Amino acid sequence: MKPRRVAVVGQGFVGLPAAMLAVRAGHSVVGFDTDPDRILRLEHGDSYVADVSSVRLREALRSGRYLPTSDPDALEGFDVALITVPTPTIDERPDLSCVEAAAKTLAVHLRPRCLVILESTTYPGTTTDVVAPALEVSSGLTAGRDFRLGYAPERLNPGTGFDSVVHLPKVAAGIDAESLGAVVEFWCGLVDTVVPAPDIRTAEFAKLAENAFRLLNISFVNELARDAAALGVSVWAALDLAATKPYGFMAFRPGAGAGGHCLPADTAYLTWCLRTAGHPSPLIEAAAQINQNQPRYVADRIITSLTRRGSAFPAGRIVVLGATYKPDVADLRNSCALKVATELRLSGAEVIVVDPFAAEVGALAELTPELVTQAAAVAVLVAHRDLDPDLLRCAPYVFDACGVLEPGPNIEHL
């Protein structure tokens, strides 16, 4: 595929890796973002996305084929544009303001035969009912007839490294056969495998189904953890035994909840879409509620255990290990660990958070022996790779929500 001028609107956890993939494929890339601090960091070769190293970013800058900018005029002349902006929720309802703004920004520079691909996770109908009109009104061009329009939902596993993105199959869809062919051709130049979808609405729905599946199963094992505790059973041992079955079972692990952007927000998009269509899903909505309640449940378990052990709650300090939404990733979005810390503080406890990835929320970078021995409780909520189990042996009481510590008299598992 010949080199093209590619515009990537949004330089966050999705957009920056996509921009680097396009640079690696030989394209000239404009990385557009409205956040001036983000652009300043990118211009200085300072990456804030774990799966894009600063070394890779600086190489892209030195190549002359990557331009980070907040100037919309720099989008002029693009051949392919990717919309990789956030799709948050407001009061459990989709907020597509960023998608609409991105489409309107691109529309000014839209040209015949160019290709626009929405990558943001959203509900069925967004590409055709929201993005297409926003592009058409300002440009005077018609999707399908004058320019090509597609949908290719992001599929990333943060923390697994940049090269893993290349090996993840990419779903591609278009509003017509020509658009589909253009989306498939473009992404075939960036990743190993591209999976064509029968239509855009199916691709949009499939992305929601992927993340709802994960949330459902995480909520399920979190509920099992509560049931097991009530029955005096180790949920961890039970799940390990179940995982020996070579069919019909997929292992998920309980914890403080399911955070990040994707699972809570995407499930809310799906449930809103289903309710709007007159087909609510009690199962998915119940799973979402279990997940939302999990941080409070974990905090209650810690408080109850301290009281049972003779501690006059909230006397003493509780040290929370972990603040990010998953191990070894500097991403605090919808962090369940921080929600647990908030619940503990609301109950009157003094809480110290330790997480080397979370200095921006005031977390300490290192767990010290002094912190461990002087704490009334240590709560392991995110199992980062550098967690030192030996250091926790001298703690009076440890609540392990991740199932990573060996059983002991001072250790309680979720």
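This chain uses plain numbering: 1 for the first residue, then up along the sequence. Since we're looking at a predicted model, the values are computed, not measured.
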How long is the span from the [atom1] atom in [X] to the [atom2] atom in [Y], to the nearest 0.5 Å?
X      : Y      : atom1 : atom2 : value
Ile318 : Ile303 : CD1   : CD1   : 6.5 Å
Ser28  : Arg65  : OG    : CZ    : 6.5 Å
Leu141 : Leu135 : CG    : CG    : 9.5 Å
Leu270 : Leu208 : CG    : CG    : 5.0 Å
Thr271 : His279 : OG1   : NE2   : 15.0 Å
Glu223 : Gln294 : CD    : CD    : 9.5 Å

Heavy atoms, side chains only, cut-off 4.5 Å: are [X] and [Y] in contact?
X      : Y      : answer
Glu406 : Ile411 : no
Leu67  : Phe32  : no
Met250 : Asn217 : no
Leu190 : His27  : yes
Leu405 : Val398 : yes
Glu100 : Val130 : yes
Phe205 : Asp199 : no
Tyr66  : Leu42  : yes

Distance-only, no hydrogens or angles: does the [X] side chain make a donor-acceptor pair with backbone N or O of [Y] under 3.5 Å?
X      : Y      : value
Ser139 : Ala107 : no
Ser138 : Lys104 : no
Ser47  : Val49  : yes
Arg201 : Thr126 : no
Arg148 : Arg113 : yes
Lys326 : Pro158 : yes
Asn334 : Gly259 : no
Thr244 : Asp240 : no
Thr87  : Thr121 : yes
Ser63  : Ala60  : yes

Listed once per pair and sorted, the salt bridge (charged side-chain N to carboxylate O under 4.0 Å, His left out) pairs that draw on [range], sequence neighbours left out:
range            : answer
residues 78-90   : Asp79-Arg111
residues 131-141 : none
residues 267-291 : Arg275-Glu285
residues 7-33    : Arg24-Asp163, Asp33-Arg38

Ion pair present between [X] and [Y], side-chain N to carboxylate O less than 4.0 angstrom?
X      : Y      : value
Asp331 : Arg333 : yes
Lys170 : Glu119 : yes
Glu185 : Arg4   : yes
Glu350 : Arg345 : no
Asp37  : Arg41  : no

Requested in this report: With sequence neighbours excluded, tell me which residues meet ring pair (Phe, Tyr, Trp, His ring centres under 6.0 Å) with Phe147.
Outcome: none
Crowded around [X] [atom1]? As in, over 12 foreign heavy atoms under 6.0 Å?
X      : atom1 : value
Phe220 : CZ    : no
Asp390 : CG    : yes
Arg214 : CZ    : no

Please report the closest heavy-atom contact between [X] and [Y], naming both atoms and the distance.
X      : Y      : result
Val235 : Ala228 : CB-CB, 3.8 Å
Pro264 : Ala258 : CG-O, 3.5 Å
Val85  : Gly10  : CG1-CA, 4.3 Å
Leu306 : Tyr397 : CD2-CD2, 3.8 Å
Leu387 : Val404 : CD2-CG2, 3.8 Å
Tyr297 : Ala225 : OH-O, 4.3 Å

Report task. On the 0 to 90° scale, with breaks at 30° and 60°, tag the Phe213-Phe252 ring pair as parallel, tilted or perpendicular. Result ->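 Perpendicular.
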Query raised in the report: Ser219 and Asn222: side-chain donor and acceptor closer than 3.5 Å?
Result: no
Query raised in the report: For residues Glu204 and Tyr123, is any side-chain donor paired with an opposing acceptor at under 3.5 Å?
Result: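 No - no donor-acceptor pair under 3.5 Å links their side chains.
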**Report entry** Derivation and outcome, side-chain contact (heavy atoms from CB on, under 4.5 Å), residues Thr122 and Val99
**Finding:** CA-CA 10 Å; Thr122 186; Val99 171; over 6 Å; no
Query raised in the report: Could you go step by step and tell me if Tyr269 and Leu96 meet the side-chain contact (heavy atoms from CB on, under 4.5 Å) rule?
Result: CA-CA 11 Å; Tyr269 269 58; Leu96 296 180; 3.8 Å; yes
Query - side-chain contact (heavy atoms from CB on, under 4.5 Å) between Ile83 and Ile117, intermediate numbers included - result: CA-CA 6 Å; Ile83 298 176; Ile117 308 173; over 6 Å; no
Requested in this report: Test His109 against Phe78 for ring-ring contact (aromatic ring centres under 6.0 Å, His included), laying out the working first.
Outcome: CA-CA 7 Å; His109 307 290; Phe78 74 81; 7.4 Å; no
Cut-off 3.5 Å, no hydrogens considered: what does the side-chain donor-acceptor table look like for residues 13-20, sequence neighbours left out?
none

**Report entry** Check against side-chain hydrogen bond (donor to acceptor under 3.5 Å, both in side chains), Ser97 and Asp95
**Finding:** CA-CA 6 Å; Ser97 58; Asp95 175 13; 2.8 Å; yes
Requested in this report: Begin from the C-alpha positions of Leu21 and Val165 and carry the test side-chain contact (heavy atoms from CB on, under 4.5 Å) through to its verdict.
Outcome: CA-CA 9 Å; Leu21 284 175; Val165 182; 3.7 Å; yes
**Report entry** Residue that, paired with Trp187, satisfies side-chain contact (heavy atoms from CB on, under 4.5 Å) out of Val195, Val171, Val194
**Finding:** Val194
